[in-house]
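Reviewing the structure listed below.
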Amino acid sequence: MRFTTRLLHEAFAPDAATGATTQPLYQTSAFYQPTAEEMARVFAGRKPGFVYTRVNNPTIARFEQRVNALEGGVGAVACASGMAAVSHAVLNILSQGDEILASGGLYGGTSSLFRDFASYGIGVRYAAGDSVADFRAALTERTRLIYIETIGNPKLDVVDIAALSVLAHAHGVPLFVDNTVTTPYLCQPLAHGADVVIHSTSKALNGNGNSIGGIVVSGGRFRWDAARFPKLREYPFGPMSYLVRLRLRMVTDYGGCMAPFNAYLTGIGLDTLALRLNRITANALSLATFFAARGERVNYPGLPEHPSHALAARQFGGRYGAMLTLRLGTRERAFRFIDALHYALNVSNIGDARTLVIHPASTIFLHASEEEKANAGVTDDLVRINVGLEDIEDLQEDFAQALDAR
Ligand SMILES: *Cc1c(COP(=O)(O)O)cnc(C)c1O
């Protein structure tokens, strides 16, 4: 089965009870069992079934199975948001004294979260650049995981997942990859050697900007050394140990479960992922080429002059995502440009059906340090564009008039 057929048919079956062709929405908090004995068996994991939606729910389970199938994992756990997915995924294995080694220029919410971990005695170090040598130089005895994003936002840098996974495994630590920006349509990090994949499902997986959500997928191959990852010691379930602990100790205890309605809506959005991303990535490449031809300072991994172009071409199968950035010289001109656009909405998210723009320095990075801004490639004249599904001619005309605005 190829990707789009898998998208529609894997982990899909008409509802057994009614024949309904869309996944039913189980908008319920709890699940009944007819006898105390059967309830006891469900609790003990000896009878399949559901108990309480914070732990699991059929609508959420179906969504988890679908994303897991696309990513090629051994299982997935959905969360309340992308940030819940990041925090639950990482805290599932880290203890006081441990360190995260991350790529520079992480999503702002993630770098802010990692900064807060200092209060629990968990440190974070950032690699000085995108190369494996940069990561090797920043490894320490305390490093317990390497954390990257497939395409940095808004820096648009790309790390070689396969090469970095070799380094991580040689050091006895797993590689976690936030695949939000590329989605499994462009990149399946587990197939490149990564161990855990994280998504904000609020973005392109949903595609319509109607629900917040997140998900964690495990590849099931990493061997968790009991001395280095003591939290997993009590979960001796082989390839499932990470996920069992994630569901029981993180989502169930910390409480960041996905809402069934959000799983339902995001599942509908997921049906059209490939169709949307074909259009969006073609639009983004056209727009980037159009800006380059005008002599604008455009950054997009799909342009041949981008430093990571060859790696991105190989790793993402010839598509380069929806995000591009423009440097407009001054903050004033960046603001004028945004205000002059007719179609692009001035909002802070990404992965919508409509084209979106934002001035990162005065918004998402408002409270970032100068170092964090430099790491993320955020300058005062930078505008981030997230390309949508509109007709490319309309987008080009609109961006052209906004560039000419005085
Ligand atoms: C949006 C985003 C997140 C956070 O997801 P939410 O659903 O907004 O909590 C994490 N990582 C990346 C790369 C994102 O774009």
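Read the numbers this way: they start at 1 and go in the same order the structure lists the ligands and their atoms.
Contact check on R144 versus D225 returns no salt bridge, with no Lys/Arg side-chain nitrogen under 4.0 Å from an Asp/Glu carboxylate oxygen. A salt bridge does not link R62 with D15: none of the charged nitrogens is closer than 4.0 Å to a carboxylate oxygen.
Side chain of H88 to main chain of R247: no donor-acceptor pair is present (N/O by atom type, distance under 3.5 Å, no hydrogens or angles).
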Could you walk me through whether N299 and R327 pass side-chain hydrogen bond (donor to acceptor under 3.5 Å, both in side chains), step by step? CA-CA 8 Å; N299 187 20; R327 290 192 65 177; over 6 Å; no

Candidate pair K47 and Q33, rule side chain to side chain contact (heavy atoms under 4.5 Å, CB included), full reasoning: CA-CA 11 Å; K47 179 188 170 193; Q33 292 293 333; 2.9 Å; yes

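Atom 2 (C) of ligand 1 has its nearest heavy-atom neighbour, among K203, E149, H199, in K203.
Residues forming a salt bridge (charged side-chain N to carboxylate O under 4.0 Å, His left out) with D339 (at least two apart in sequence, or on another chain): none.
Residue-to-ligand polar distances keep V181 apart from ligand 1: every N/O pair is separated by 3.5 Å or more.
Residues D195 and H169 bring a donor and an acceptor atom of their side chains to less than 3.5 Å of each other.
Ranking protein heavy atoms by distance to atom 7 (O) of ligand 1, first place goes to S202 OG, 2.6 Å. When only non-hydrogen protein atoms are considered, atom 4 (C) of ligand 1 lies nearest to Y107 CE2, 3.5 Å. In terms of protein heavy-atom proximity, atom 6 (P) of ligand 1 is nearest to G82 N, 3.3 Å. What sits closest to atom 12 (C) of ligand 1 on the protein, heavy atoms only, is D178 OD2, 3.4 Å.
Atoms of ligand 1 lying under 4.0 Å from at least one heavy atom of I350, given by number and element, are 15 (O). Every atom of ligand 1 is numbered from 1 in the order shown, and the set under 4.0 Å from a heavy atom of S81 is 7 (O), 9 (O). Taking every non-hydrogen atom of G213 and a distance limit under 4.0 Å, the qualifying atoms of ligand 1 come out as 7 (O). Remark: ligand 1 atoms within the under-4.0 Å shell around heavy atoms of S200 are 1 (C), 2 (C), 3 (C), 4 (C), 5 (O), 6 (P), 7 (O).
For the pair V86 and ligand 1, no heavy-atom separation below 4.0 Å is found. Under the 4.0 angstrom criterion for non-hydrogen atoms, G351 is not in contact with ligand 1.
In this structure the side chain of F316 reaches within 4.5 angstrom of the side chain of T150, judged on heavy atoms.
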